[in-house]
Each structure stands twice: as structure tokens, then as C-alpha cells.
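Heads up, the thing below is written out as C-alpha cells.
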Amino acid sequence: MAMTITEKILAKAAGLDSVKPGQLIDANIDVVMCHDVTTPPAISMLQKKGIDKVFDPEKIIVTPDHFQPAKDIQSAELHKRLDKWAVKHEIKHYYKLGKAGVCHALLPEQGHIRPGEVIVGGDSHTCTYGAFGAFSTGVGSTDLAATIATGQLWFKVPPTIKIILNGKLAKGVYSKDVILDVIARIGTDGALYKAMEFTGSTLANLSMESRMTITNMVIEAGAKNGIIELDKVTKKYLKEHLAENKKDYTVFESDPDAVYESIEEFDCSKLEPIVALPHLPSGGVPIGQCEGIEMEQAYIGSCTNGRIEDLRIVAKILDGKQVAIRTIIVPVTPTVWKQSHDEGLFDTFYAAGCVISAPTCGACLGGFMGILAAGENCVSTTNRNFIGRMGHPESKVYLASPATAAASAIEGKLTDPRKYL
Amino acid sequence: MPKAHVYKRDHINTDEIIPARYLTTDDEQELAKHCMEDLDSEFVKKVSRNDVIVAGEDFGCGSSREHAVWAIRGAKVQTVIAKTFARIFYRNAINCGFYIIESKDALEKINDGDEIEIDIEKALIKNKTTGVDIAFEPLPTFALEIINDGGLLNHITKKL
């Protein structure tokens with residue numbers, strides 16, 4: 001039976017020859033991602049039920065990231081609960097402060113994501129890992145608890161929407177603009193319960209970092225997972241990041257006659273920088289339609305756009321300039337932090353008047369490190385602009401690429417980045 | 001008699017249901033104090049035991065935080081009736097043993113403050129104020145099994 005890549009991975013994980021959309025399966029889970037907000041409740045649930053065990057200490061990856069370093073007493077208590085549990089169960093890949101980073105950047109970087117595998121995490125942006133040809137989805141604490149204990153989870157096989165991205169991106173246009181444009185067209189629930197499979201010539205020119213920005217945001221269209229098949233770019237990244245004993249993986253590809261629920265085609269060659277206006281990620285408009293809106297803050301970071309490639313773009317634009325508004329730079333992992341430091345990006349950020357944070361999810365979700373006051377506007381490289389997302393319910397978040405955020409930081413208002421490139 | 005709290009909105013998201021600034025606790029009673037805070041700061045003052053929330057499409061979109069379900073349950077809300085639910089919220093509700101109702105008609109047929117009775121067995125929402133009954137599609141069997149077991153962990157404990 002012809003299947004999509006998502007269906008093939010789920011069939012394998014369920015020990016079945018084939019699956020079809022709507023089918024309920026119990027899938028074996030290859031990797032479980034745990035962080036400081038949703039895992040401590042999962043641990044407590046398991047302990048209350050008397051099933052305080054882990055199915056495999058090597059397959060559970062733990063990194064505090066949301067409120068780390070601890071922002072207050074309560075978050076310190078969350079970290080303490082996570083730490084005690086990780087130590088007790090001898091979790092092999094436990095990234096403590098100093099090694100910890102924003103989970104969805106850290107796991108691929110540290111070689112925990114392999115094609116063909118099934119990954120779940122207690123975080124909605126777990127869909128990021130689909131950039132590597134894996135099935136990956138976010139779950140809540142109870143699902144997380146069940147997976148930690150049993151290594152299995154129930155799924156309903158999703159129908160797939162094929163998203164064809166055609167053409168080479170113009171200068172000043174990035175994968176963030178692509179995904180904001182896709183979400184603007186299909187809507188915040190346009191892919192509800194579904195898989196989004198990305199294909200097309202645009203992808204060939206995108207790095208893994210850029211591709212992760214795309215799969216990261218499929219949840220903002222309601223999708224269960226986003227997925228991109230392997231190519232030479234993927235293989236090169238995996239070669240550089242997978243440990244020697246983890247270099248084997250299974251490659252799945254969609255059959256030519258696989259059934260798609262719908263097919264959406266995008267001409268990315270004509271795309272312009274996009275900004276998602278408040279208060280939905282589907283609020284994307286070309287920069288020309290919103291240029292000039294005044295900002296109080298620029299935030300550059302998060303699992304969407306805080307990787308080294310993003311920070312290089314920002315540094316290029318800020319080089320020799322001064323920011324006009326509060327500008328917060330959050331390298332996503334210690335490795336990205338060190339790279340930025342070694343490449344001299346920090347010198348540029350410092351000279352431009354930015355502040356540099358330790359790796360954390362920070363203000364992306366309104367945690368800390370750049371919370372907004374009532375009436376303030378923030379141009380942000382993050383993934384959500386819901387009411388109150390980054391602070392006061394009367395503040396506003398404008399989602400954009402790192403280039404647009406950097407250009408806007410210089411002028412203190414939404415600015416087309418192409419004039420600085 | 002339980003009352004309806006009607007929000008004529010689509011995409012009511014987890015940031016509105018329970019803002020991230022309160023995610024440093026997983027205590028339901030603490031979370032309940034801030035339930036729906038960024039959507040309706042008066043909600044916790046208005047809500048009484050067994051009341052229902054009625055909303056549009058894509059309720060609970062956004063974060064995977066199960067805290068959203070806990071905050072609503074902690075506020076003693078009986079159920080949420082929405083045109084559709086976001087995927088993770090839907091799973092979380094079932095996994096917590098919290099019955100939710102998908103209904104395309106409820107938002108148009110229920111006004112804020114209407115008195116509501118839910119008959120799960122007959123799959124009926126009874127609007128006692130207007131006298132209108134609204135039929136709904138019951139949750140699928142696998143979801144009911146999880147809910148009847150008192151949530152996913154009880155459900156899998158039976159298998160362990």
C-alpha cells in the first residue's frame with residue numbers, strides 16, 4: 001500500500017506493515033524530550049501512581065530550558081524536582097546548567113535526532129525534529145509520564161498535507177518568512193490533527209537550521225507533525241552531529257502514489273520579508289504593509305530562530321550600527337553561545353547596544369529576560385504572538401525573521417531588512 | 001444550576017487560559033486562581049462549580065501545557081464545549097479524564113449566563129434557559145475508555 005513518510009515511520013513504530021490515516025496505533029518511542037515545565041508534573045504523577053520508573057534511561061533526554069537559570073524560587077523548585085529524578089534514574093543524557101540549552105536546538109545539535117525515528121517531547125514545538133525525516137510531536141505531561149514509564153504512546157495516524165515550496169529565496173528573505181507565509185495562507189488551524197510534509201526546490205538551498213525554523217512552526221498551523229525528507233544537507237549535518245555508535249538510521253520516503261489530503265503550492269521566489277501581526281501566528285503580511293510601526297523591544301532567540309546562522313545574520317546587519325530600542329539576544333545553546341563569542345558576534349552586539357543572555361526560552365513565552373509592559377510592542381524571532389505571550393496582556397508581539405528583527409532594532413520600528421543587506 | 005460562560009472567539013489559546021507566568025506550579029488550585037486570566041480577568045470571580053465554558057474553533061491551541069486543563073478543572077468547570085479543539089489540548093483533556101464536548105451548534109444556541117445541563121449518556125446539552133436541546137457527537141470509544149478509567153495513567157496501569 002502506498003504511504004507517506006509519516007505513515008511509514010508510524011507503521012514501523014507500531015510494528016505494522018502499513019497504516020492509514022485515522023487508524024489508532026500504539027507506537028514505540030525512540031526518544032523522549034523532557035524539560036523543566038512539563039516534566040516535573042509528569043514525574044509527580046508517576047510517583048503518585050507508584051510507577052516511578054523509566055523505560056530506558058538512554059532514550060530520555062533531559063534539559064531544563066524554560067526558566068533556566070532559575071528565575072524565582074518556584075522555578076528553582078521545578079529544577080530541583082527534575083534534577084533529583086534525573087539523577088535517581090541515571091538519565092544518561094541529562095544536560096545541566098552550563099550544558100543545557102533550548103531543547104529543540106540542543107537535541108539535534110547534540111546528535112539525539114535520527115531520521116525514521118519517533119520522538120515525543122513535553123513541549124508543543126517538539127515538531128521541530130521533523131526537519132530530519134523523523135516523526136516528532138509535542139505532548140502534555142500525562143502523555144509524557146506514560147511514555148517515560150512504558151516507552152509507548154497511542155496515536156491516531158494523521159492525514160498529510162503536502163506543502164510544495166518552489167523557487168529560490170530572494171536576498172533578505174529567509175525560511176522564517178516562508179513558514180509565516182504558509183501559516184498565513186492555511187490558517188492557525190489549517191493543519192489541525194494533520195501532518196505537514198514539505199518538499200520542493202526551495203528546501204535544497206536551506207541549511208538544517210533554516211529547515212528547523214519551518215518544522216518548528218507547524219504547530220502554529222495546528223499540525224501534529226511537520227516533516228522533510230532527507231537529502232545531502234541532512235546527511236552532512238547528521239554526519240557532523242551523530243555520535244559514532246548512532247550513525248545508523250533508516251531512511252523513509254513518501255511513495256510517488258501516496259495519498260495526500262491536499263496539496264498546497266507556494267512560489268517562494270517572489271516572497272518578501274513577512275511579519276505576523278498580533279495576535280495570531282497566521283497574521284503574516286509583507287513588510288511593506290506594516291513598515292513603520294513603532295517598537296519598544298527586539299527579541300532574537302528561541303527554538304525558532306536563535307541558532308548560529310540566525311545570530312550571524314543579525315550581527316551582519318548590526319555591524320557598526322546602534323540599536324534604537326531594547327534588544328535582547330539569546331543564543332540557544334552553550335555551543336551556539338561559544339560560537340557567537342569566538343566568531344566575534346558578541347563584540348558586534350555589545351557595540352550596537354544589545355544585551356546577551358544565557359541560553360533559555362526566556363521571554364519567548366513570557367518567562368523572564370525581557371518581559372513586556374502594558375502597551376509595549378516587540379519584534380521577535382519567536383513563534384507565537386498570542387495575547388500576553390511575552391508579558392502584559394496589553395503588549396503586542398510581531399513575529400519576524402532575525403534580519404527583520406535586527407533592522408527594526410536599528411530604526412526602532414518595523415523595518416525592511418533588505419536595505420541593510 | 002450550572003451556567004455557561006460564552007466566549008465568541010476562535011483560537012482561544014493556552015497563553016490566555018493559563019499564562020506562562022504561572023507555570024512555575026502544577027498545583028491545580030493555584031492554577032485555578034488564574035484560569036482564563038488573559039482572556040477574561042473576571043472569570044474566576046464569576047465561575048461556580050459545574051459551570052461550562054463555550055467557545056469557537058481551535059480551543060486550547062498553542063502550548064502543550066496540560067496546566068491549561070488543570071486550571072480549568074481546578075476552577076471546578078464541568079466541561080468545555082467548543083466547535084473544535086486543538087490537538088494537544090484534546091489529548092490532554094482525555095488523558096486527564098476530563099470530558100470535553102465538540103459541538104458546531106452550541107456557540108450559536110447558548111448565550112452567556114444561560115443555565116446548562118449536560119447529559120453525557122444521551123449526548124445532549126440542555127439549555128434550560130431557552131429550552132433548546134443540542135445534540136453532540138460523543139467522544140470516540142478509545143477516548144471514553146481512557147476517561148472511564150480516570151485518565152491515561154490509570155488506563156495504562158491496568159496493562160502494566
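Note on naming: letters A, B, ... go to the chains in the order of the sequence lines (proteins, then strands), and numbering restarts at 1 for each one.
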If you tally heavy-atom pairs under 4.5 Å against chain B, which of [options] wins?
{"options": "A/Gly222, A/Gly366, A/Ser124", "answer": "A/Ser124"}
{"options": "A/Ala146, A/Gly388, A/Pro281", "answer": "A/Ala146"}
{"options": "A/Thr38, A/Thr188, A/Leu46", "answer": "A/Thr188"}

Partner of B/Ile88 under side chain to side chain contact (heavy atoms under 4.5 Å, CB included), chosen from A/Thr126, A/Ile219, A/Asp123: A/Ile219
Let me know if [X] has heavy atoms under 4.5 Å from chain A in its side chain, its backbone, both or neither.
{"X": "B/Thr84", "result": "side chain"}
{"X": "B/Leu23", "result": "both"}
{"X": "B/Phe89", "result": "neither"}
{"X": "B/Asn13", "result": "side chain"}

Spatial distance of atom [atom1] ([X]) from atom [atom2] ([Y]) [nearest 0.5 Å]:
{"X": "B/Arg87", "Y": "A/Lys156", "atom1": "CZ", "atom2": "NZ", "answer": "12.0 Å"}
{"X": "A/Glu394", "Y": "B/Asp38", "atom1": "CD", "atom2": "CG", "answer": "10.0 Å"}
{"X": "A/Ile51", "Y": "B/Leu153", "atom1": "CD1", "atom2": "CG", "answer": "5.5 Å"}
{"X": "B/Asp15", "Y": "A/Ile387", "atom1": "CG", "atom2": "CD1", "answer": "10.0 Å"}

Is the shortest side-chain N to carboxylate O distance from A/Asp143 to B/Arg91 below 4.0 Å? yes
Please classify the contact of [X] with chain B as side chain, backbone, both or neither, using a heavy-atom distance under 4.5 Å.
{"X": "A/Phe67", "answer": "side chain"}
{"X": "A/Lys224", "answer": "both"}
{"X": "A/Asp72", "answer": "side chain"}
{"X": "A/Leu144", "answer": "neither"}

Carefully, step by step, assess B/Asn95 and A/Trp154 under the rule side chain to side chain contact (heavy atoms under 4.5 Å, CB included). CA-CA 11 Å; B/Asn95 286 341; A/Trp154 66 272; 3.7 Å; yes
I need the minimum non-hydrogen distance between A/Leu365 and B/Ala20, along with the two atoms involved. O-CB, 2.9 Å
For chain A, which residues from [range] have at least one heavy atom closer than 4.5 Å to it?
{"range": "residues 136-146 of chain B", "value": "B/Phe142, B/Ile146"}
{"range": "residues 115-126 of chain B", "value": "none"}
{"range": "residues 61-75 of chain B", "value": "B/Cys61, B/Gly62, B/Ser63, B/Ser64, B/Arg65, B/Glu66, B/His67, B/Trp70"}

Does any non-hydrogen side-chain atom of B/Glu57 lie less than 4.5 Å from one of A/Leu192? no
Could you list which of residues 74-84 of chain A have a heavy atom closer than 4.5 Å to any heavy atom of chain B, in residue-number order? A/Gln74, A/Ser75, A/Leu78, A/Arg81
What residue, out of B/His155, B/Glu16, B/His11, has the most heavy-atom pairs lying under 4.5 Å from chain A? B/His11
Pairs of heavy atoms under 4.5 Å with chain A: top-ranked of B/Asn154, B/Thr25, B/Thr14: B/Asn154
A/Lys48, NZ: over 12 other non-hydrogen atoms inside 6.0 angstrom: no
